[in-house]
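Presented below is the structure to which this report refers.
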Amino acid sequence: DAGVIQSPRHEVTEMGQEVTLRCKPISGHNSLFWYRQTMMRGLELLIYFNNNVPIDDSGMPEDRFSAKMPNASFSTLKIQPSEPRDSAVYFCASSSADRVHQPQHFGDGTRLSIL
Amino acid sequence: AQSVTQPDIHITVSEGASLELRCNYSYGATPYLFWYVQSPGQGLQLLLKYFSGDTLVQGIKGFEAEFKRSQSSFNLRKPSVHWSDAAEYFCAVGAGSGGGADGLTFGKGTHLIIQP
């Protein structure tokens, strides 16, 4: 079975540019999560969706960050404008909210470098 | 709000020796607890999970963890480590229905080094 698929795997861009990270959850999963990993702060939850609806975006650091889930098989995390402090690894995870005791499955992440 | 503490940033263990990684959590209700492992450049792989029932849970790759409510701990153990176990290990706590519908709170991780 295909796992969570994230693209791109690596992104290097200049400060001020728009960055779009993409995620395809596992088929049949209806919860999707975006996390950010940095050396200083570790793994932090940014936002999550249930059935394509954003449930909690309190972890989104600033208005420069936005996330969408237009359908059950695709989500984007956008940063506009990007800043060097946004450099991190961004992970997407998915799970099934309809079944109890289901863990989250993670993609391989997008390593983002803002110059 | 829940929190997770992994007191050991780095641990070095000889190949073949036993391993215990510590995890303490703070959560007001019954916690749902997880251990994930991350190899360099990779995502997080679930090792094991605890939701309820037997407090000793078995996971993949020969790992186990024990939930101790009185100590607010969920320590990870392995009787004999292999060089391939070298990685970053994360303990996490979830709320609600068990992590499936709610975000996880992670510890800062423990970096495991295996020496020959």
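So that the names make sense, note that chain A is the first sequence line, chain B the second, and so on, each numbered from 1.
- Only the backbone of A/Arg41 comes within contact range of chain B, with heavy atoms under 4.5 Å apart.
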Original post:
Should A/Tyr35 and B/Leu104 be marked as a side chain to side chain contact (heavy atoms under 4.5 Å, CB included) after you check the CA-CA gap, both sets of side-chain angles, and the distance that decides it?
Top reply: CA-CA 9 Å; A/Tyr35 292 89; B/Leu104 297 177; 3.5 Å; yes

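- Among residues two or more places apart in sequence or in another chain, the side-chain contact (heavy atoms from CB on, under 4.5 Å) test is passed with B/Ser26 by B/Ser3.
- Looking at B/Leu46, the atoms closer than 4.5 Å to chain A (heavy atoms on both sides) all sit in the side chain, from C-beta outward.
- Applying the 6.0 Å contact sphere to CD of A/Glu14 captures no more than 12 heavy atoms from other residues, nucleotides or ligands.
- Legend: disulfide (SG to SG under 2.5 Å) pairs involving residues 29-66 of chain A, not counting sequence neighbours: none detected.
- Of the atoms belonging to A/Met39, not a single heavy atom falls under 4.5 Å from chain B.
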| message | Working note: A/Gln37 + B/Gln38, criterion side chain to side chain contact (heavy atoms under 4.5 Å, CB included); need CA distance, chi angles, decisive distance, verdict. | response | CA-CA 12 Å; A/Gln37 184 179 36; B/Gln38 183 181 30; 3.0 Å; yes

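- No continuous path of ILVMFWY side-chain contacts below 4.5 Å connects A/Phe49 to A/Ile26, so the two sit in separate hydrophobic clusters.
- Applying the salt bridge (charged side-chain N to carboxylate O under 4.0 Å, His left out) criterion to B/Glu64, with sequence neighbours excluded, gives B/Arg77.
- For the pair A/Pro103/B/Tyr36, a side-chain contact is recorded, criterion being any heavy-atom separation below 4.5 Å from C-beta on.
- By the 6.0 Å contact criterion, CG on A/Asp63 is open, its count of non-hydrogen atoms from other residues, nucleotides or ligands being 12 or less.
- Residues A/Leu32 and A/Ile5 do not share a hydrophobic cluster, clusters being chains of Ile/Leu/Val/Met/Phe/Trp/Tyr side chains in contact below 4.5 Å.
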Given the rule in the side chain to side chain contact (heavy atoms under 4.5 Å, CB included) test, do A/Leu43 and B/Leu44 qualify, once you have shown the distances and angles that lead to the verdict?
CA-CA 11 Å; A/Leu43 274 156; B/Leu44 281 76; 3.7 Å; yes

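- When hydrophobic clusters are built by joining Ile, Leu, Val, Met, Phe, Trp and Tyr residues whose side-chain heavy atoms come closer than 4.5 Å, directly or via intermediates, B/Val4 is grouped together with B/Leu33.
- Only the side chain of B/Ser52 comes within less than 4.5 Å of a heavy atom of chain A; its backbone N, CA, C and O stay farther away.
- Hydrophobic clustering, with ILVMFWY side chains joined whenever heavy atoms are under 4.5 angstrom apart, keeps A/Phe33 apart from A/Leu21.
- Of all residues in residues 105-115 of chain A, those placing a non-hydrogen atom less than 4.5 angstrom from a non-hydrogen atom of chain B are A/Phe106, A/Gly107, A/Asp108.
- A/Leu46 and B/Phe90 are not part of a single hydrophobic cluster, where members link through side-chain heavy atoms under 4.5 Å apart.
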